[in-house]
Structure formats: structure tokens, C-alpha cells
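Okay, structure first, notes after.
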Amino acid sequence: MLYFDAKQKLALLSTPDEKFMQRCLQLALNGKNTVSPNPMVGSVIVHQNKIIGEGWHYRAGEPHAEVNAIKSVKDPALLKESTLYVSLEPCSHQGKTPPCSSLIIEKEIPRVVVACRDVHSAVNGRGIQQLRDHGVEVCEGVLEKEALALNRMFFTFHSQKRPYILLKWAQTLDGFLDRKREAHELGINWITQPNTRSYVHQVRSSFDAILVGAQTVENDNPQLKITEVRNQKLLRLILDPQLRVRKNAEVYNDEHYRIFTTQESALKQAVTLSEEEPFLEQVLSYCYVNGIQSVLVEGGAKTLQNFLDQNLWDEALVLIGDVTFGQGLKAPALALEARHSALLGKDRILNYFRE
């Protein structure tokens, strides 16, 4: 998946505020795989146009970026003459850590520059207002678009009350997801090169859960794990309304999965949904209630198409391999232009975003 580009040239930025906010966004990315369910946040402190402190949010439950930046300043007396830059609105409530807005006020930092507001109901403008109420000059909206893109999973979860959804599939040059299979023919028909498959594991590492339909489990018997980036648990979500997936499937080789079904089941991992309500909406509601902020949908064709048809998606990642099948299972069609296109060896990666 193509995230905010932290390596864009600073020369393209027109103001000092943009330059220092760019550094905040770069620092924020250090927490990419450790801060969930919190957002990635970076902060710098500037005195007379020179950075004197930096910090980012390392891990959920630990001090926020502003706290780490303030702690890194060698001469605290300079804080009273400095500007604090932060890629997300400072929190104003007591959570697992004290409110950052109170610390900024306590340290008498006169100016704060914020990229974007925090849509979380516990913040959402309150941090900025608290700073202003105590005489702090607050400048908002510096590199706001880039900051929103960086934490789009977090913002989608809190604003739309559902997880951020990325649809991912690999297709051939002639537009097929899979070869035409004979009855009971199992196994994966690979389309992309090994390097691209390694890239997919990097993408997986950015998500809380991976979702597939029952037919994909039946045909491919995938593990749906992250094996080429690091040892990380990835919750596996299986859509199996009729409970037809065989019990010895690879996806069931530990307890880190959920089966969504309309049937009664004794399995503690089974989530029984109503036949009277929309199936996918119930699945996403379960994810929201249980704090699953992001879901990677990897197939199969019917599942992907259902998400597209119901407009329940945010981003699509299409991997086009340098092979043809001639016939088989057709890939979904997107009536959009790809926002990004890149080559990875012989494979092409296309990135789409819902309008």
C-alpha cells in the first residue's frame, strides 16, 4: 500500500512551518507498526529556526509525541521562546497518559502548530481550545492533507464507525484472479513474483485483521499470516455463512481467528450473525465494537465484489502479474483511474482510492 511519502524533497515546501511539519510526519512513521490502536504522531520543537527537540509516539500506552519531544530538549528554559510542531492535535483528556495540552501550558510554550485535528470524541478540538484559552497561539492546518493520509485508518475508524478497508487482489495481464479449476482442485495458482509476495506481507503488517471468504479458504487453504516481515499476530476473519470450511484448514491452526456465520456453532471463535440484517455491515459493526481499526480483504472474487457493490471500501491494491491464464475467474473491475502506479520487478502495482 502506498502511504504518505516521507521522503519528498523539503525544497518543495514553501514555508518554515511546512518544513518543520514535514519532519513531524517523518518522525510519526517510526511508530507505524507499534502504536495501534493509537494514531502515528510526530513532534518537533523549534527555537530561532533550529530544531532543539524531537519525539514521536513509540507505542500505545506510552508517552505521546509532544511529551517525548519536550523531554528531549537539553535546555528547558528555551521552551518559553519556542514553537512546538505536532502532526495531530494535542490530547486534552486523561487516558493511559496525562493530557499533552496541560504539559504544553505548564512549560509555557507560546506557539503550537498543528497539522490536523483529532476526530476522536475525547479530543476533537478540545485540545486546541484549551491551549488558546491559556494564551497559546495555535496555528492549524499545516500539511493537513498529508497528516490525514498518514492516519487515514484511525480517522476512518472514529469518523465512520467502521474499520478502514483495503481490498487487495492479484490478477493476470488478461484480467483473471484464478485459473479455471477442475472439481475439487485445490492449491494456490500464483500470479505475482516472490518479491511482490514479500511486499504483500509488508502490507499485511500494517493491518489489524485480514478477511477472506469461505471459497478462498476451500480453494487455496492459505495460512493468512505474516511470515516475511516479523512475527506478528494478524486476526483472521473468515466469512462462512453456512459453516462449510473444513475444520483442518490452515486458517484454523491457532485461535487467532473469527468465523462469521449465520449458523449456530459451539466454536468460541464463531460469531453468529442475523440472517435478517446485511451480512457485511454486521461484520464491520463487530470490528468497530471490538476495536479492529483496519481490515485487509484478500478475496475471493465474490467477497471482493460484495464490498465493491456495497461501497464498503476505502482503498484497493491491485497487483498485476506478468502472466496470462486465457480463461478462469475474472477479476473485479474498478471504474476509477489508479491514483498511483509502480513497477516491482515484472509486476505492476496499482493503488485506487474510493471517491
Side-chain angles (χ1 to χ4, degrees), residues 1-36 38-59 62-74 78-79 81-91 100-101 103-104 107 109-120 123 125 127-128 131 136-156 164 202-203 205-206 314-315 339-342 351 353:
M1 185 166 53
L2 302 176
Y3 285 96
F4 153 78
D5 184 3
K7 297 181 180 180
Q8 60 180 291
K9 295 181 180 179
L10 295 183
L12 297 176
L13 303 174
S14 59
T15 69
D17 280 352
E18 289 177 337
K19 181 181 73 172
F20 293 125
M21 188 58 72
Q22 168 70 19
R23 179 59 181 159
C24 291
L25 295 170
Q26 291 173 330
L27 290 168
L29 280 168
N30 290 323
K32 178 180 176 182
N33 295 317
T34 57
V35 300
S36 182
N38 291 355
M40 296 174 279
V41 185
S43 179
V44 300
I45 297 173
V46 176
H47 180 264
Q48 295 182 356
N49 212 38
K50 178 182 177 182
I51 293 177
I52 61 171
E54 293 187 336
W56 66 89
H57 185 36
Y58 300 147
R59 188 173 287 105
E62 296 186 6
H64 291 180
E66 304 96 310
V67 176
N68 291 325
I70 289 171
K71 285 182 178 179
S72 74
V73 175
K74 293 182 179 179
L78 297 179
L79 290 171
E81 304 170 354
S82 300
T83 296
L84 182 146
Y85 293 81
V86 62
S87 58
L88 186 67
E89 176 183 4
C91 66
C100 295
S101 56
L103 179 63
I104 293 169
K107 297 299 181 180
I109 298 172
R111 183 171 184 260
V112 173
V113 179
V114 177
C116 64
R117 292 197 175 198
D118 187 342
V119 299
H120 193 291
V123 189
I128 289 171
L131 292 174
V136 178
E137 178 190 348
V138 180
C139 177
E140 296 184 63
V142 176
L143 298 190
E144 182 179 36
K145 181 179 178 181
E146 291 83 350
L148 291 171
L150 177 69
N151 281 307
R152 57 187 177 272
M153 295 179 182
F154 175 83
F155 290 124
T156 297
Y164 186 91
Q202 294 177 24
V203 173
S205 71
S206 299
D314 300 287
E315 187 176 353
R339 189 176 299 181
H340 302 288
S341 176
N351 203 206
F353 290 86

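Here the structure is a predicted model, which is why all the values come from computation and not from measurement.
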| query | Are side-chain heavy atoms of S43 and L27 found at a separation under 4.5 Å? | reply | no
| field | Given L131, L79, V67, the one that forms side-chain contact (heavy atoms from CB on, under 4.5 Å) with I104 | value | L131
| request: Not counting sequence neighbours, which residues clear salt bridge (charged side-chain N to carboxylate O under 4.0 Å, His left out) with R59? List them please. | output: E62
| said: Can you confirm whether F154 sits close enough to D118 that some side-chain heavy atom of one is under 4.5 Å from a side-chain heavy atom of the other? | reply: yes
| Can you name the residues that form a side-chain contact (heavy atoms from CB on, under 4.5 Å) with P16, not counting sequence neighbours? | F20, N49
| query | Under the salt bridge (Lys or Arg N to Asp or Glu O under 4.0 Å) rule, what pairs show up with a residue in residues 43-53, not counting sequence neighbours? | reply | none
| message | List the residues meeting salt bridge (charged side-chain N to carboxylate O under 4.0 Å, His left out) with D17, not counting sequence neighbours, and say none if there are none. | response | R111
| message | Donor-acceptor check, side chain of E89 to backbone of I128, threshold 3.5 angstrom: yes or no? | response | yes
| note | Tightest non-hydrogen contact, residues A147 and A115, listed as CB-CB, 3.5 Å
| said: Just to verify, what does L148 make a side-chain contact (heavy atoms from CB on, under 4.5 Å) with, not counting sequence neighbours? | reply: C116, E144, F155
| field | Side chain to side chain, L88 and V123, heavy atoms closer than 4.5 Å | value | no
| task | Just jot down the salt bridge (charged side-chain N to carboxylate O under 4.0 Å, His left out) partners of E81, sequence neighbours excluded, or say none. | result | none
| Side-chain contact, heavy-atom cut-off 4.5 Å: E315 with R152? | yes
| query | Under a 4.5 Å cut-off applied to non-hydrogen side-chain atoms, are K32 and S206 in contact? | reply | yes
| said: Quick one, R339 and N351 - any side-chain contact, counting heavy atoms below 4.5 Å? | reply: no
| message | Between R23 and I51, is there a side-chain heavy-atom distance shorter than 4.5 Å? | response | yes
| message | Measuring only between side-chain heavy atoms, which start at C-beta, is V136 closer than 4.5 Å to I109? | response | no
